[in-house]
Number of protein chains: 2
Amino acid sequence: MDGASLRERKKQRTREALIDAAFELFSTKGFEATTVDEIAESVEVSSRTFFRYFGSKEDVATSLQLQQFLDVYSALDERPADEPVMTALRRACVQVLRAYEEGGTDATQFACVMELVQKSPAVLSRSLEMCTEQLDELARRVAVRMGVDPVSDPRPKLVAAVSSAALQVAVRAWREDEPDEKVSDLADRAFALLEAGINYPAARA
Amino acid sequence: MDGASLRERKKQRTREALIDAAFELFSTKGFEATTVDEIAESVEVSSRTFFRYFGSKEDVATSLQLQQFLDVYSALDERPADEPVMTALRRACVQVLRAYEEGGTDATQFACVMELVQKSPAVLSRSLEMCTEQLDELARRVAVRMGVDPVSDPRPKLVAAVSSAALQVAVRAWREDEPDEKVSDLADRAFALLEAGINYPAARA
DNA sequence: ACGACATCTGTCATGCACTGACAGATTCGC
DNA sequence: GCGAATCTGTCAGTGCATGACAGATGTCGT
């Protein structure tokens with residue numbers, strides 16, 4: 001479990017302490033109302049040190065989301081190779097979301113992140129930026145799955161971008177319109193619509 | 001042309017002057033290297049006034065992109081009502097892009113914005129945020145076109161988000177991999193792939 | 001166990017983005 | 001012209017973020 005050195009373990013502890021303290025303050029005072037100094041103080045660390053662990057105040061809020069991307073990558077690797085890409089991506093995402101929904105400790109922070117993303121423009125902004133950063137990696141993995149070249153063939157990038165967009169729509173619908181549903185179900189439905197094609201005809205007059 | 005009052009015209013002039021000065025400085029010194037003070041000074045205005053016209057330094061860079069969204073809305077209204085949504089959206093976007101490509105003055109600023117978005121994380125971040133803000137309006141218009149309710153039916157939101165994602169992929173491919181192509185053509189192809197469906201099977205071993 | 005070394009941390013100083021408050025200037029409606 | 005509404009500059013202040021340096025702490029060889 002902890003094969004790392006003392007120094008490594010200490011770093012990991014302060015990192016987690018910073019995240020916990022930040023979420024605690026964010027959820028009580030709100031994102032913009034809490035200063036980096038406050039976060040650092042409640043862990044008894046200088047604010048200078050905070051910025052040695054996180055590039056910005058937003059980064060500490062989106063660190064959990066980054067982890068989710070990594071989880072999706074793992075889940076995607078487990079899907080059978082002959083599954084169509086969107087279907088594989090759909091199952092991988094839904095599986096990861098369900099794990100967080102039923103995953104005890106993380107579940108509350110998971111919900112907290114969603115709230116921050118919706119209420120704080122700066123967090124939304126950083127979150128979207130991180131998503132596009134991860135799109136390259138996701139596209140690369142999709143390309144491998146399709147057996148095509150990830151730079152000359154635009155399809156993997158499209159699949160990655162479109163999937164990410166579907167997830168964002170699902171999360172947003174959950175927070176704004178359908179709070180009673182589970183995010184995993186909404187995401188599942190969004191992906192299902194994508195698989196079926198989306199060039200809908202206009203309604204008949 | 002200028003049916004507005006003196007005051008309104010003056011405001012419009014300083015606003016445009018600020019945008020021009022900002023792009024001039026951004027393209028020579030880079031985004032993060034130019035300060036708001038410099039932008040304001042070169043228009044002979046206090047930096048406090050700058051923030052009365054733009055909410056942030058990033059906003060002045062993305063103001064042009066916002067205008068493009070409005071242009072797409074207009075173009076979409078002109079498309080025949082019986083055209084399938086993705087097809088209509090495709091033609092509307094391509095038309096707007098072509099107008100900018102061949103549109104003299106705007107063309108250089110247009111390219112400058114793309115460069116800023118790619119090179120400056122803060123601009124990318126704000127740009128993405130603005131896109132999601134506009135997604136609501138776009139989804140609403142798509143819903144009207146489809147003759148469905150924009151809040152209970154998730155399909156309009158999906159169409160909007162997916163289209164936006166396709167555009168982002170096209171722009172990015174242009175700047176990174178295919179600088180010789182025209183953005184409008186790349187976007188056209190991306191939309192074509194979406195219309196055809198994207199649940200690609202894996203390559204045969 | 002001890003010293004040489006690498007790494008981590010706090011302090012200090014600095015720059016820049018952004019905001020509220022107030023006062024003076026400009027424009028507008030009459 | 002004159003009062004009212006609006007715009008602008010100045011000032012002061014907060015918060016985020018970064019570089020530089022010195023001291024503290026962990027690491028490793030002997």
Side-chain angles (χ1 to χ4, degrees), chain A residues 2-19 21-22 25-26 28-63 116 119-127 129-130, chain B residues 2-19 21-22 25-26 28-63 116 119-127 129-130:
Chain A
D2 48 12
S5 63
L6 204 174
R7 193 174 263 164
E8 285 299 319
R9 274 181 285 131
K10 238 180 172 180
K11 276 175 66 177
Q12 194 58 31
R13 260 196 294 128
T14 55
R15 182 186 159 85
E16 283 168 15
L18 282 171
I19 294 178
L25 288 166
F26 289 163
T28 58
K29 303 181 55 177
F31 179 79
E32 21 270 334
T34 79
T35 68
V36 173
D37 280 341
E38 288 174 319
I39 302 173
E41 257 180 67
S42 71
V43 189
E44 288 175 322
V45 159
S46 79
S47 65
R48 188 66 184 85
T49 295
F50 174 92
F51 286 107
R52 290 196 177 99
Y53 282 86
F54 301 97
S56 69
K57 196 173 78 166
E58 288 78 28
D59 273 9
V60 63
T62 57
S63 58
L116 284 175
K119 291 189 180 173
S120 305
V123 181
L124 167 62
S125 202
R126 179 70 188 103
S127 173
E129 190 189 351
M130 194 214 56
Chain B
D2 48 13
S5 63
L6 203 176
R7 192 175 266 162
E8 286 299 319
R9 275 182 285 131
K10 237 181 174 179
K11 276 176 67 178
Q12 194 59 30
R13 259 197 294 128
T14 55
R15 182 186 159 85
E16 283 167 14
L18 282 171
I19 294 179
L25 288 166
F26 289 163
T28 57
K29 302 183 53 176
F31 179 79
E32 22 271 332
T34 80
T35 69
V36 173
D37 280 343
E38 289 174 318
I39 302 173
E41 256 179 70
S42 71
V43 189
E44 289 176 321
V45 159
S46 78
S47 65
R48 187 68 184 85
T49 295
F50 174 92
F51 286 107
R52 289 196 178 101
Y53 282 86
F54 300 97
S56 69
K57 195 173 77 166
E58 288 78 29
D59 274 9
V60 63
T62 57
S63 58
L116 284 175
K119 291 189 179 173
S120 305
V123 180
L124 168 62
S125 200
R126 179 69 187 102
S127 173
E129 189 189 350
M130 194 214 58

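Lettering of chains follows the sequences in order, A, B, ..., and the numbering in each one begins at 1. Quick caveat, the model's predicted, so the values are computed rather than measured.
Whole-Å rounding puts the B:Gln12 CD to D:dC7 C1' distance at 15 Å. In this entry the distance linking CZ of A:Arg9 with C1' of D:dT27 reads 13 Å, nearest Å. Between the P atom of C:dA17 and the CD atom of B:Glu32 lies a distance of 10 Å, rounded to the nearest Å. Regarding A:Ile39, its CD1 atom lies at a distance of 12 Å from the C1' atom of D:dG15, rounded to whole Å. Rounded to whole angstrom, the span from the CG atom of A:Asp37 across to the P atom of C:dC12 amounts to 14 Å. Whole-Å rounding puts the A:Glu38 CD to D:dT14 P distance at 14 Å. Per the geometry, CG belonging to B:Leu25 stands 15 Å off C1' belonging to C:dC16, to the nearest Å. If you take CZ of B:Phe51 and P of D:dT14, they are 18 Å apart, rounded to a whole angstrom.
The two residues B:Glu129 and A:Leu124 come nearest to each other via the heavy atoms CG-CD2, 4.1 Å.
Distance alone, capped at 3.5 Å, places no donor-acceptor pair between the A:Lys119 side chain and the A:Phe31 backbone. At distances below 3.5 Å, not a single donor-acceptor pair connects side-chain atoms of A:Thr34 with backbone N or O atoms of A:Phe26. The closest donor-acceptor contact from the side chain of B:Ser47 to the backbone of B:Ala40 lies at 3.5 Å or more, if one exists at all.
Residues A:Tyr53 and A:Val60 fail the side-chain proximity criterion, which asks for heavy atoms closer than 4.5 Å.
Nearer to the 5' terminus of DNA chain C, by closest-nucleotide assignment, is the contact made by B:Phe54 (compared with the other of B:Leu6 and B:Phe54).
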Using nucleotides 7-11 of chain C, report all nitrogen or oxygen pairs with the protein that are shorter than 3.5 Å.
residue	atom	partner	partner atom	Å
C:dT7	O4'	A:Arg7	NH1	3.2
C:dC8	OP1	A:Lys11	NZ	2.9
C:dT9	OP1	A:Tyr53	OH	3.0
C:dT9	OP2	A:Tyr53	OH	3.4
C:dG10	OP1	A:Ser46	N	3.3
C:dG10	OP2	A:Ser46	N	3.1
C:dG10	OP2	A:Ser46	OG	2.9
C:dG10	OP2	A:Thr49	OG1	2.1
C:dG10	N7	A:Arg52	NH1	3.3
C:dG10	O6	A:Arg52	NH2	2.6

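Distance check, rounded to the nearest 0.5 Å: CD of A:Glu41 to CG of A:Leu25 gives 10.5 Å.
Within the nucleic acid shown, A:Glu58 comes within 4.0 Å of sugar-phosphate atoms alone, with no base atom in reach, counting heavy atoms only.
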